[in-house]
Amino acid sequence: MSLDKSYDPRSIEQHWYPEWERRGYFNPAAQAPAESNRKRDAYCIQLPPPNVTGTLHMGHAFQQTLMDTLIRYHRMRGDDTLWQPGTDHAGIATQMVVERQLNAAGKTRHDLGRDAFVSRVWQWKEESGGTIARQMRRLGASVDWSRDRFTMDEGLSRAVTETFVRLYDEGLIYRGKRLVNWDPVLHTALSDLEVLSTEEQGSLWHLRYPLADGSGHLVVATTRPETLLGDTAVAVHPEDERYAHLVGSSIRLPLTDREVPIVADTYVEREFGSGCVKITPAHDFNDYELGQRHNLPLINIFDRNAALNDEVPERFRGLDRFDARAKIIAELASLDLIEKIDAHTLMTPRGDRSNAVIEPWLTDQWYVRIAPLAKPAIEAVESGKIRFVPENWDRTYYEWMRNIKDWCISRQLWWGHRVPAWYGPDGSIYVGRDETDARERHQVPAGTILVRDEDVLDTWYSSALWPFSTMGWPDNTAEVRKFYPTSVLVTGFDIIFFWVARMIMFGLKFMDDVPFREVYVHGLIRDNEGQKMSKSKGNVLDPIDLIDGIDLEALVTKRITGLMQPHLAAGIEKSTRKQFPEGISAYGTDALRFTFASLATLSRDIRFDVGRIEGYRNFCNKLWNAARYVTLSVEGHSLGDGSDDLSLADRWIRSRLAAMVSAVDKAFSSYRFDLASQALYEFTWYEFCDWYLELSKAVLQSDSATESQKRAARHTLIHTLETILRALHPLMPFITEEIWQRVGPIAGCAGETIMTQPWPMMAGMDADAEAQMTWTQGVILGVRQIRGEMDIAPSRRFEVLLEGAETADLARLATNRHFIERLANLSGIRPLAAGEIPPESAIALQGHLRILVPMAGLIDVAAEVARLEKRIAKIRQDLGKTEAKLSNANFVANAPASVVEQERGRINDFTRELTGLEAQLNKVKALGG
RNA sequence: GGGCGCGUAGCUCAGCGGUAGAGCACUUCCUUGACAUGGAAGGGGUCACAGGUUCGAUCCCUGUCGCGCCCACCA
């Protein structure tokens, strides 16, 4: 049974993944070759855990392709290889999804209560949690599913608790009352990283604050007039002569009955606004610090919704901050206390999940004291224990790490790891692994009732432990000993701060070693116009749709369903219909993966162009059909034992194959997936298919070739194809496995899967074969060029004459005549006899050798004249450039001798070619008379 | 305000101190027994701009212009 005529990814991809998984090929223990006792290197990659309730997007698919490629490459190299999968509980994101579901049913989480709500989230996790795993299987990700982890499963939760207790005991976690980024919609604190500042249009209000002694007023400029009610000072610059005399006196705060002092502080910029700043220590980070320096009181005027509380005059109480602003402005205006209002662009802080304007708010939160952790983490990169690829990301890392502030890790949510702290009736804090442990550690009397802290930890806290918590830490497991530190982290630059830096800090802290040796930072996948893919832009591509294909109507429906802003639907529909009039065809996983690899250059943005995946789908088809040809040519015939004499073509392709494998190997080792895919593509298509397969036909389909020559060709065909399959397997696992199942046994490979075949490593550069092949190709290309440009039908065969052939040429001709006749489709090729007058011919040159295509009945004189003139012009140009170079005395004096020699050689070549072509041109012209 | 990056063929992108490359698109010819998801032959680029270093710059340096991202407490 032969391979099907056409490559159909669907049928082969669905088959192989379950088979691999069933046979346990993804598990490190299962890979150990029984016959090998050598100690194998460990190779481990941790999957950045996706949100458990999410779906994979193009970025995930891209990233997983790169990781799977590395994993498969190392597995084939014989390393003991672990790719650790898992998912993240994604605290805020997941809780919000479930809350929205409740809201749709007219309920809130408070209606359910904490326990019931958390059960509800677990239920949702169970329902939707399998999606990611299904998608990963479609992508061919060879993760060890037997070790699948979830950040909130028992083992990982134990690691969370353990680290919390240890850090607390060391004073590296503390509880403190200070300003945090408060999200008044989600009612939780956020870390600095979860706050995004965006430029927004606002106003700068210039307010008159009357001096307490009635002698006039100061003008303060503010973007947040509503915080006036919490002002506890006005500040000026200490060297500002305009206000020096007022420092130490007070102003009477409008709309209140309070007097607040005028203080001097260098924080104030004299040039900005009026040079006077209102100070609200409880609602602004800078003002807070200034307040600390000047011992100013803190007046908290907001409640958890950022509505005004009872600290403000009665008529303002309960007002939302924005309503309060309007009312305060109105009152100030009526009191003539507004000097002016300028339009002003300001950076507005918003929560990354809720998009609500974040309010600095005074609360009790848990913090990680970060400086002692950051120091060794910085040193780990400085010393090269961790290497970023590309290297320049270390700058970004340093930049952030050197300015890092304490990490607020508590969140006022219900979904997450609950803080392992208990409070006594007097408010004392008891931290422990559980309540019993907390009591024992702090000798809390049995009768004392303890209440557990309500907060949960930032999702990224558990993520930061991922490299070792997944391996069973705090137990000293075999996995920890074998696979920590892991080999490489493959991640996007968007989470260097959120995740990478924190893993480094915690890894060094708890494991006393870095969590990974290298960090490969890849770019972000954007659409073909460079736009970020997002639901609201309607430009999202689902990797599964590229694999399976999707018709236009389904694609449109998918893109416009569930939009947060339904009015965008019409535009999205229009652009989708324009971009994909035929929908998206099924390209298959291998083509998608190969496309990702080819796009994996060391840049920040990667534009995904559907045109490219089509090209690589075609590449799959090319490979498939090459395999058909090879198997059809080989099956049922003897391959010999490898002792048959190789033809020039056989030697040449083996030499080129070795070069390709070596290039791919180098590319994988240096994370140049683009170069690897390019080397594979070019060799397979342009050298193996375009040349070698055709050359092999000249042997296999010839009556005059010996059986030994045919065996050598068959051996080379199957050997080369089998090697291509192995080199290609890390990028295209499915098609290579499918073909290998047929080809491997013919090639004499043992083993039941390509997955664990050894990575091909071969020496075998054959310079002589490559030189001879270049000559042979030159002759063939010369003829083809004349054929192409003279519009001679491909089916038209003719005889070619060689003029000026030397001994070496005659020898090469003798060896390769059948190749040339076959590939140039000639009826014959022969050297001119001594004294033979050549007929009128079109001419091509191969070095000094003149290849003559007799014109009679084939070629029009005018066309040949035009063709020659074009060639001559081109050579004259090149010759001119080279001559200019060589006539420059400085060049000859200073350039390396080899370069000068090379240029001289080129002059010779050009001159000879030019002379030949010009003579030919004159001859042909004379002919046309 | 700091930091990082990009500007090469119509489009998406490699490359690199010494004759400008690929895929897609385009032109002409071809259904030859692996493949029309194919084959053969072609056209197309002052490598953003201006200086500098060099025998030689698309590549190194400086500046300009354009574009993008990240960080940051001018109210």
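So that the names make sense, note that chain A is the first sequence line, chain B the second, and so on, each numbered from 1. In this text the structure is predicted, and so the values were computed from the model without any measurement. Scope of the values below: all heavy atoms of this structure, side chains included, with no hydrogens, waters or symmetry mates.
- Counting any heavy atom pair closer than 4.0 Å across all strands shown, A/Y616 reaches no nucleic acid atom.
- Cation-pi geometry between A/K697 and A/Y629 is met: under 6.0 angstrom from the ring centre, within 45 degrees of the axis.
- Between A/D791 atom CG and B/G42 atom C1' there is a gap of 11 Å when expressed in whole angstrom units.
- At a threshold of 4.0 angstrom between heavy atoms, the contacts of A/E903 are confined to the sugar-phosphate backbone, with no base atom among them.
- What separates CD1 of A/I613 from C1' of B/C13 is a distance of 17 Å, to the nearest Å.
- At B/C4, one or more side-chain N or O atoms of A/R395 fall inside 4.0 Å of OP1 or OP2 (strictly under the cut-off).
- Annotation: B/C67 and B/C35 have their C1' atoms spaced 43 Å apart (nearest Å).
- Contact annotation for A/A893: no contact, since no heavy-atom pair falls under 4.0 Å across all strands.
- Residue contacts shown for A/W685 are limited to sugar-phosphate atoms, with no base heavy atom under 4.0 Å away.
- Nucleic acid contact class of A/V630 (heavy atoms, under 4.0 Å, all strands): none.
- Nucleic acid contact class of A/R876 (heavy atoms, under 4.0 Å, all strands): none.
- The side chain of A/R607 places an N or O atom within less than 4.0 Å of a non-bridging phosphate oxygen (OP1 or OP2) of B/U12.
- Minimum atom distance to the side chain of A/P896 is reached by B/C55, of the listed B/A72, B/C55, B/G23.
- A/G275 comes within contact range of at least one nucleobase, with a heavy-atom separation under 4.0 Å.
- For A/H344, the side-chain atoms get nearest to B/A75 when compared with the rest of B/A75, B/G42, B/U37.
- Just one residue in the list A/F497, A/W407, A/W499 forms a side-chain contact (heavy atoms from CB on, under 4.5 Å) with A/L193, and that residue is A/F497.
- When heavy atoms are screened at a 4.0 angstrom cut-off, A/F272 is found touching base atoms of the nucleic acid.
- Across all strands, A/C689 comes closer than 4.0 Å to base atoms (heavy-atom distances).
- Both distances falling under 3.5 Å, in either a Watson-Crick or a G-U wobble arrangement, place B/A48 opposite B/U64.
- Residue A/Y629 places its side chain closer to B/A34 than to any other of B/A34, B/A14, B/A41.
- If you look at A/F493 and A/W393, their ring centroids are closer than 6.0 Å.
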Does the pair A/H237 and A/D265 meet the rule for a side-chain hydrogen bond (donor to acceptor under 3.5 Å, both in side chains), with working shown?
CA-CA 5 Å; A/H237 194 278; A/D265 196 289; over 6 Å; no

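- Not one side-chain nitrogen or oxygen of A/R526 sits closer than 4.0 Å to the OP1 or OP2 atom of B/C6.
- Dashed line: the shortest gap from a side-chain N or O of A/N403 to OP1 or OP2 of B/C71 is not under 4.0 Å.
- The phosphate of B/G2 has neither OP1 nor OP2 within less than 4.0 Å of any side-chain N or O from A/Y398.
- Pairing each heavy atom of A/R224 with each of A/H283, the nearest pair is NH1-O, 4.3 Å.
- A/N625 places its CG atom 9 Å from the C1' atom of B/U37, with the value rounded to the nearest Å.
- Following rounding to the nearest Å, A/R822 (CZ) and B/A40 (C1') show an atom-to-atom distance of 15 Å.
- Of the candidates B/A41, B/A14, B/C55, the closest approach to any side-chain atom of A/L781 belongs to B/A41.
- Between B/A34 and A/K697, a contact under 4.0 Å exists linking OP1 or OP2 to a side-chain N or O.
- Comparing B/C30, B/U19, B/A75 against the side chain of A/V268 picks out B/A75 as the nearest.
- A/R784 comes within 4.0 angstrom of sugar-phosphate atoms only, judged by non-hydrogen atoms across all strands, and of no base.
- Residue A/I496 is out of contact with every strand shown, counting any heavy-atom pair closer than 4.0 Å.
- At least one side-chain heavy atom of A/F594 sits under 4.5 Å from a side-chain heavy atom of A/F619.
- Protein atom CG of A/L721 is 16 Å distant from nucleotide atom P of B/C35, rounded to whole Å.
- Backbone-only engagement by A/R672 is indicated by non-hydrogen atom pairs under 4.0 Å involving sugar-phosphate atoms exclusively.
- For the pair A/R797 and A/L826, the minimum side-chain heavy-atom distance is 4.5 Å or more.
- Across the protein-nucleic acid pair, A/F497 atom CZ and B/C71 atom P stand 6 Å apart, rounded to whole Å.
- In this structure, of B/C29, B/A14, B/G38, it is B/C29 that holds the atom nearest to the side chain of A/P794.
- Contact annotation for A/E789: backbone-only contact, meaning every heavy-atom pair under 4.0 Å involves sugar-phosphate atoms and none involves a base.
- The phosphate of B/C4 has neither OP1 nor OP2 within less than 4.0 Å of any side-chain N or O from A/T396.
- Among the nucleotides B/A34, B/U37, B/U12, the one closest to the side chain of A/K622 is B/A34.
- For A/F62 and A/F608, the distance between ring centers is not under 6.0 angstrom.
- Residue side chain A/E694 reaches the base of B/A34 through a donor-acceptor N/O pair under 3.5 Å, judged by distance alone.
- Side-chain contact between A/I12 and A/Y7 is present, with at least one heavy-atom pair separated by less than 4.5 Å.
- Residue A/K881 contributes atom NZ, which lies 17 Å from atom P of B/G56 at whole-angstrom precision.
- Looking at heavy-atom distances under 4.0 Å, A/R906 makes contact with a base.
- Here B/A22 is the nucleotide among B/A75, B/C69, B/A22 with the atom lying nearest to any side-chain atom of A/Y686.
- For the pair A/Q701 and B/G33, the criterion of a side-chain N or O lying under 4.0 Å from OP1 or OP2 is not met.
- Minimum atom distance to the side chain of A/N618 is reached by B/U37, of the listed B/U37, B/A22, B/C55.
- Closest to the side chain of A/D690, from the set B/U37, B/C55, B/A40, is B/A40.
- Atom C1' of nucleotide B/A22 and atom CG of A/L599 are separated by 13 Å, given to the nearest angstrom.
- Shown here, B/C69 forms a base pair with B/G3; the pair counts as Watson-Crick or G-U wobble because both key distances fall under 3.5 Å.
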